[in-house]
Amino acid sequence: MQKRIGKEKKKIINKILKIIRENRTFFISSHMRPDGDSIGAQLALSSFLRRLGKDVYIANRDPVPAVYQFLPHSSDIHVAEKVERNFDVAFILDCSDLQRIGNIIDLKNRVRTVINMDHHPDCELFGDYNYVQPQASSVAEELYDLFKQSHWEIVEEEVLALYVGILTDTGRFQEANTTPRCHEIVAELIKKGISPQVVSQKVYESRSGPGLRLLSLTLGTLEITAGGKIAHLSITQEMYKKTGAREEDTEGFVNFARDVEGVEAGILFRETDVGDQFRVSFRSKGRIDVSKIARLFGGGGHRNAAGCTIQGTMEEVKRRMLNAVSQEVDNTGTTKERHSQRC
Ligand code: AMP
Ligand code: MN
Ligand code: MN
């Protein structure tokens, strides 16, 4: 297995392009509860491979969220517990470790070459080839560079899928991964015909009624602790039942906790339909590294956006998470103190 890339980007992309040229059957998968980057990257890559005459099969453990179903060929993404087929190559996208694909395929026995494409700083280099760029805003951005290096003109559906990946993973160009590079790429995508307004309507102005009613209940659970530095929101199964909302409707809810003035870290606790299991989402401002906390509990993510799944009662889970987050906030110092260093 090779080392993390960086300067080696051109080389690894060339290797991947060679593997694409020399093989015929491709499997593409991404993480459970897929998001805009995982879906956008899967669709862009599959379109690209199919244009090269490849046989492509895409499958995830969880369905494509409703807001991304406007993307062309989103219905080509299968939902499967296990894929019992052999492939020359598997592309695993946007997964910091293999557990994230939910055991969807036996990679060892069914796939000859595994390509890991990811941008998480803590990504395990589980592939035979690892195109892992923590400085990239998204896998969509990494794919853009790969397409560019192939010298193949990208087509409309790829442009749209890549744009959705970058838009959503940068939190609408607001998160710390919003770089000059990703704006340069987005400028190219807009020149190729993307309407940011239309995409925004599809992705963000398409909340369901039940989802909005759930948001209203969720905002009612807001608690602010640690002297105003931590805010959290909670969702119980009862709240889903009452409103008829689905888990995917909760996309973006955690941001409301972080939005509170003076708050350094926002947390969303979601009770799952598996007994005593909770999904925890963390969002932070500035230097507070919530991925450290998520990792402590078997999860992961980025400095300002991370998550994990843990067992326990709502009370226990909250206590453990709040303790861990307040320790991290104390250790890092406040935004005010940091202001003189760097904004
Ligand atoms: P979420 O709060 O579920 O939107 O997740 C925020 C970020 O944390 C995502 O971009 C994922 O990369 C990462 N993440 C969430 N859950 C996990 C997990 N169980 N393991 C590793 N990374 C995770
Ligand atoms: Mn993702
Ligand atoms: Mn991503």
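Counting starts at 1 for both ligands and their atoms, following the listed order.
- Ion pair Glu153/Lys192 flagged as a salt bridge, since at least one NZ, NE, NH1 or NH2 atom sits closer than 4.0 Å to an Asp/Glu carboxylate oxygen.
- Of the candidates Ala306, Gly300, Gly299, Ala294, the one placing a heavy atom closest to atom 23 (C) of ligand 1 is Gly300.
- Coordination check, Asp94 versus the Mn ion (ligand 2): passed, since an N/O/S atom of the residue sits under 2.8 Å.
- Ion pairing between a basic and an acidic side chain is recognised when a charged N comes within 4.0 Å of a carboxylate O; Asp122 and Arg295 show such pairing.
- At a heavy-atom distance under 4.0 Å, only side-chain atoms of Arg279, from C-beta outward, approach ligand 1.
- Interface of His120 with ligand 1, defined as ligand atoms under 4.0 Å from a residue heavy atom, comprises 11 (C), 12 (O).
- For the residue pair His302/Asn304, the side-chain donor-acceptor check at 3.5 Å is not satisfied.
- Counting protein heavy atoms only, atom 4 (O) of ligand 1 is closest to Arg283 NH2, 3.0 Å.
- For a distance bound of 2.8 Å, the N, O or S atoms of Asp35 include one lying that close to the Mn ion (ligand 2).
- A cation-pi geometry, defined here as NZ or CZ lying under 6.0 Å from the six-membered ring centre and within 45° of its normal, holds between Arg172 and Tyr204.
- By the criterion of a heavy-atom distance under 4.0 Å, both the backbone and the side chain of Ser281 are placed next to ligand 1.
- In terms of protein heavy-atom proximity, atom 7 (C) of ligand 1 is nearest to Ala305 O, 3.6 Å.
- Looking at Asp145 and Arg181, a side-chain N of the basic residue comes within less than 4.0 Å of a carboxylate O on the acidic one, giving a salt bridge.
- When distances from the Mn ion (ligand 3) to the N, O or S atoms of Asp169 are compared, OD2 comes out shortest.
- Panel note: side chain Lys54, backbone Arg21; a donor-acceptor pair is recorded below 3.5 Å.
- Within Asp37, the N, O or S atom lying nearest to the Mn ion (ligand 3) carries the name OD2.
- Remark: the Arg258 side chain and the Ser284 side chain contain no N/O donor-acceptor pair separated by less than 3.5 Å.
- Backbone or side-chain N, O or S atoms of Asp118 do not reach the Mn ion (ligand 3) at under 2.8 Å.
- Using a 4.0 Å cut-off between charged nitrogen and carboxylate oxygen, Glu315 and Lys318 do not count as a salt-bridge pair.
- Figure legend: cation-pi geometry between Arg85 and Tyr57, with NZ or CZ positioned under 6.0 Å from the six-membered ring centre and within 45° of its axis.
- Distances from the Mn ion (ligand 3) show that His120 has no N/O/S atom below 2.8 Å.
- For atom 11 (C) of ligand 1, the closest non-hydrogen atom of the protein is Arg100 NH2, 3.6 Å.
- For atom 9 (C) of ligand 1, the nearest protein heavy atom lies 4.0 Å or farther away.
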